[in-house]
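In what follows, a single structure is set out as structure tokens and then discussed.
Per chain, numbering begins at 1; letters A, B, ... match sequence-line order.
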There are 2 protein chains.
Amino acid sequence: MSVDSVKRPPSGPRAELKRQAILRAARELFLREGFGVGMDSIAAEAGVSKVTVYNHFGSKEALFTSVITSALDEPLAGESSAALEGLADAGDLRAALVEAARTWVHAVRANHEVTALRNLVAAELHRFPELGEAWRHRGTEGHHPAVAGALRTLADQGRLVIPDLQVAVIQFYGLLVFPHVVFSSYGTQIDEDLTDRLITGGVDMFLAHYGTQST
Amino acid sequence: MSVDSVKRPPSGPRAELKRQAILRAARELFLREGFGVGMDSIAAEAGVSKVTVYNHFGSKEALFTSVITSALDEPLAGESSAALEGLADAGDLRAALVEAARTWVHAVRANHEVTALRNLVAAELHRFPELGEAWRHRGTEGHHPAVAGALRTLADQGRLVIPDLQVAVIQFYGLLVFPHVVFSSYGTQIDEDLTDRLITGGVDMFLAHYGTQST
DNA sequence: TCACTTGAACTCAACAGTTCAGTTCAGTGG
DNA sequence: CCACTGAACTGAACTGTTGAGTTCAAGTGA
């Protein structure tokens, strides 16, 4: 009998499959029912014994944390910040901005799941304050640099005049992304047509204020 | 023994006092601890017996609903939409807009409580979908007409040129209000100084796009 | 007198987490 | 190809707690 009472999580190929199945199920049920969902339901949905769930994750809170942090790695960083990179070389800045914004907003809208997870984290802030912070880092502060960098570059090129970068970044979000975030937190969505008008209108407005003749 | 088994809520002046005390306590505790708070705690905080709570509200869900709907009646409709009325007569439109926005945003920021209640409703959307809808009505759609009306009036006066009113309204929100809503849902706040720059910068941007020379 | 209130004890269900005896299955050595 | 081994898995029963809602006998106040 080993004195070592620490329960290591299972390893091996078989265990990894179960782990993924549990994460998938937990994510889906947390999204559908909130944190209040029972561990039995999650185990059942994953097609796995409850004991296995506990062997892997140790507690409900740990499972929730794993679901969130695993979701933190996947999403929109790729396409959307890539779209921002190309801005500096674009001939037609307006068209390029519209295109970038379109990519970005569609990434946000397409991921029902990620947006819904954001709401879930917000809902459980009092139970998991550290998750709120983690999400804030990856989300807002994670993209700030990309947006800020793109805007600064354009300003350095003389194609934009931006006296207050911090404000400009938030305005960029406010015009393009926040409407979708806010509406989704009510459980509704902005329809396709209005989304499109918001994008072109937002870019127009942004350029009307910050653009120069060389735009 | 009356066959009538329907429990009417208590009435009378003393009952009304208790009712208010319960609502106040419930609101405070729901805000501080979320929907998970125990009915015993609420009763204790209200200085009232648990039985009295149930005599008045019947169930926890009904109590929660009452807290929200009672909060729906009170808030920012007054000052903020009043500030929008005066816009039509203003000489200096920019100054007037900044002033109106300042009033409005301060109303949103000052009411930690209302904003926090909004998050609470969003958190419990799956349990109370009808509350989400009610909040949306009083909140967003409740103010839309005021904002839309003010903007339309200014457009009719020829002081603004607004091709797409629906978009303009959302942009107005997006520049001025949404940043605060989004940040507060992360549990953070935008500081005083940045708030001010967002207001003036937002109005500038709005006017740069929609304003005319007669502005 | 009558409606309202109280406190304390109670029921009942849900749910996190555990225990255990037995089963699956991927290797490993022969 | 087989037998054995051990880690991972299962299912079902169990513990312990928490919390919603109820009951009741007694109190309060217009």
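Side chain of A/T69 to backbone of A/T65: a donor-acceptor contact under 3.5 angstrom is found. Side chain of A/H106 to main chain of A/R102: a donor-acceptor pair is present (N/O by atom type, distance under 3.5 Å, no hydrogens or angles).
With a heavy-atom cut-off of 4.0 Å to chain A, the contacted part of DNA chain D has its first and last nucleotide at D/dA7 to D/dA12.
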Enumerate all atom pairs, one protein N or O and one N or O from nucleotides 5-7 of chain C, separated by less than 3.5 Å.
from, atom 1, to, atom 2, distance (Å)
C/dT6, OP1, B/K18, NZ, 2.9
C/dT6, OP2, B/S49, N, 3.1
C/dT6, OP2, B/T52, OG1, 2.6

Produce the list of close N/O pairs, under 3.5 Å, pairing protein atoms with atoms of nucleotides 12-14 of chain C; give distances to one decimal.
none

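Within 6.0 Å of CZ in A/R136 there are more than 12 heavy atoms belonging to other residues, nucleotides or ligands.
Within the 4.5 Å cutoff, the side chain of B/L198 has no heavy atoms near those of the B/L175 side chain. Residues B/D204 and B/V98 are not in side-chain contact: their nearest non-hydrogen atoms beyond the backbone lie 4.5 Å or more apart. At a threshold of 4.5 Å between non-hydrogen side-chain atoms, the residues B/I170 and B/V167 do not count as touching.
Salt bridge absent: A/E28 and A/R24 never bring a charged side-chain N and a carboxylate O closer than 4.0 Å. Checked for salt-bridge contact, A/E61 and A/R127 miss the test: no charged N lies under 4.0 Å from a carboxylate O.
Under a cutoff of 6.0 Å and an axis angle of 45°, A/K60 and A/F35 form a cation-pi pair.
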List the atom pairs, with distances to 0.1 Å, where a side-chain N or O of residues 178-190 of chain B and a protein N or O form a donor-acceptor pair under 3.5 Å, not counting sequence neighbours.
from, atom 1, to, atom 2, distance (Å)
B/S184, OG, B/V181, O, 3.3
B/S185, OG, A/R118, NH1, 3.2
B/S185, OG, A/R118, NH2, 3.1
B/S185, OG, B/V182, O, 2.8
B/Y186, OH, A/R118, NH1, 3.3
B/T188, OG1, B/F183, O, 3.1
B/Q189, NE2, B/H112, NE2, 3.2

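Residues satisfying the side chain to side chain contact (heavy atoms under 4.5 Å, CB included) criterion with A/D193, sequence neighbours excluded, are A/D191, A/R197.
Listed by residue number, there are no residues of residues 21-33 of chain B with a heavy-atom contact under 4.0 Å to DNA chain D.
Within the 6.0 Å centre-distance limit, the rings of B/W104 and B/Y173 are counted as a close aromatic pair.
Residue B/V37 is in sugar-phosphate contact alone, with no base atom involved, counting any heavy-atom pair closer than 4.0 Å across all strands shown.
Atom OH in A/Y54 sits roughly 4 Å away from atom P in C/dG17 (whole-Å rounding).
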